Amino acid sequence: MTAADPTVADVVIAGAGPNGLMLACELSLAGVRPVVLERLPVRSDRPKANGIVGQVVGLLHQRGLAAAPAPVPAFVFGAMPLDLAGLDDNPLRALHVRQPELEELFERRAAELGVEIRRGHELTGFEQDADGVTLSVTGPEGPFELRTCYLVGCDGAHSLVRKRAGIGFPGVSAPDVVSRTAHVTVPGAVVRPGTAEMEVPGHGTFVLYTWHRTERGAYAMLPTGPGVLSVTAMEWSGETSGDGEAPGDDVPMTIGELRASLARVLGADLPLAPPTGEGPHLLRRLNGRETRVADRYRAGRVFVAGDAAHVHSAMGAPGLNLGLQDAANLAWKLAAELQGWAPEGLLDTYDAERRPAAERVAVHSSAQLALAAPGPDVTALRTLFAELLDDDANRRRVAALMAGSDLPYPAPGSAHRLAGRFLADLPAEPASRARPLLLDRTGELRVRHERVETVTMPSCPAEAVLVRPDGYVAWAGTPDETLTEALETWFGKGVEVAA
């Protein structure tokens with residue numbers, strides 16, 4: 001089977017969420033013809049994530065999908081304030097965009113790139129062989145089969161692709177955590193955007209946009225529109241959390257239930273009322289927390305990405321940074337394989353690079369959840385942790401952890417400090433095309449590669465820097481034989497040295 005066959009898709013992506021759409025766009029930029037299957041007939045407008053935090057914001061800027069990001073002056077870790085204003089090398093960036101808006105943005109870009117998105121099409125099974133994957137799909141006109149070179153599951157935490165491929169999903173459950181979230185109004189409340197505070201007559205002042213921990217649980221309040229707040233109350237079962245026993249998943253959540261939970265966490269009954277105006281309005285209860293990472297990201301011609309590959313606590317908002325970078329990492333490597341120039345083992349580097357990143361997020365999101373829990377032991381831990389966060393080096397380290405920049409990719413053959421790290425400051429035009437770049441500070445570089453665009457960049461942070469299509473540095477330093485080796489390691493044969 002070859003991708004040149006018009007009845008065969010280069011890559012089929014199961015799931016048209018942010019990660020699936022990002023993957024489709026990146027594949028198209030690399031010259032690959034993806035097909036996206038999505039069981040929902042129309043794009044979901046259900047409220048989910050409210051923003052992106054981490055270095056993928058820089059990649060979206062490079063692709064022309066976001067404005068140039070500025071450092072975040074303050075953030076939160078485990079419901080503890082993280083002051084970053086004094087760090088001159090603060091790595092943390094953020095983009096405030098709700099998930100439905102992000103999906104709409106990606107879908108518009110996908111349409112511009114000619115991506116085929118088949119809504120109302122559900123993947124129900126597949127069989128793979130040495131040459132490709134045969135998919136069983138149910139569409140609006142009934143079941144049919146579709147053949148593809150590669151299948152990527154971006155189909156969420158309960159991924160059919162992951163399960164049918166036999167990929168394990170080890171991890172841990174935290175059944176004692178109950179989280180309730182709803183869009184509400186607070187009668188009489190006055191939101192003061194300049195101070196990020198909300199005053200509620202008779203109840204005091206509440207700081208918005210961040211997690212707060214009490215001895216009975218944790219809560220967060222986020223304005224989502226005129227007069228509307230997204231309010232979350234989180235409780236832990238046991239003596240410290242009061243009467244917070246949650247109904248089963250089959251019992252619908254109510255605003256009254258959220259109000260009672262918030263009252264237990266706050267120690268005061270804050271008035272909450274249903275929002276007015278058009279929805280959809282969020283009303284959700286999550287019983288328990290799962291932290292899991294797939295035991296492999298590839299099974300033959302089948303791959304997993306995003307929530308299909310990892311689930312974790314949402315504290316610190318690491319999910320989209322992790323999943324979107326899965327997509328950017330995998331896309332150019334699949335394209336290289338399909339176009340016949342991939343060096344041996346290139347596709348296997350997807351697992352080698354992205355699974356450790358997910359394991360890192362699993363660690364810090366679990367740690368944040370533990371720091372937000374009630375109880376005197378946790379209070380003592382938070383007191384000590386707050387002292388550690390008074391130190392610039394520790395704040396810098398936690399900021400890098402949250403950005404996802406503290407764990408560089410392996411970069412064999414290059415010992416430069418930039419090697420394996422994301423490079424945000426790239427020339428806009430070539431970076432938007434998702435091409436490999438060889439940055440040349442002097443304009444006199446004699447080494448060339450047929451698949452790599454050489455760009456003269458006087459502000460280059462090294463004499464020469466080799467950048468992969470996903471924005472990561474494959475090699476940096478003074479040009480010598482190690483540059484030639486790096487070019488061939490990542491982009492195959494095709495090196496030329498000018499006389």
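Only a predicted model underlies this, so the values are computations on that prediction, with no experimental measurement involved.
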For the residue pair [X] and [Y], what are the closest heavy atoms and their distance?
X      : Y      : value
Met457 : Asp425 : CE-O, 3.2 Å
His364 : Pro318 : CE1-CB, 4.1 Å
Arg180 : Glu257 : NE-OE2, 2.7 Å

Electrostatic pair [X]-[Y], nearest N-O below 4.0 angstrom:
X      : Y      : answer
Arg448 : Glu496 : no
Glu38  : Arg43  : no
Asp129 : Arg147 : yes
Arg468 : Glu353 : yes
Arg164 : Glu127 : no

Side-chain H-bond candidate by donor/acceptor type, [X] with [Y], under 3.5 Å:
X      : Y      : result
Gln128 : Tyr150 : no
Gln55  : Asn321 : no
Ser313 : Ser365 : no
Ser173 : Glu290 : yes

Whether the side chain of [X] engages the backbone of [Y] through a donor-acceptor N/O pair (distance < 3.5 Å, no angle test) should be reported.
X      : Y      : result
Asp307 : Ala157 : no
Arg63  : Ser432 : no
His310 : Gly306 : yes
Asn90  : Pro71  : no
Thr148 : Val12  : yes
Arg354 : Thr349 : no

I want to check a possible cation-pi pair here: Arg162 against Phe169, using under 6.0 Å from ring centre and within 45° of the ring axis as the test.
yes

Out of Arg360, Arg396, Arg397, which residue meets the side chain to side chain donor-acceptor pair (under 3.5 Å) rule with Asp406?
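Testing Asp406 for a side chain to side chain donor-acceptor pair (under 3.5 Å) against Arg360, Arg396, Arg397 leaves exactly one candidate, Arg360.
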
Quick check on the 6.0 Å ring-centre criterion: do Trp332 and Tyr472 meet it?
no

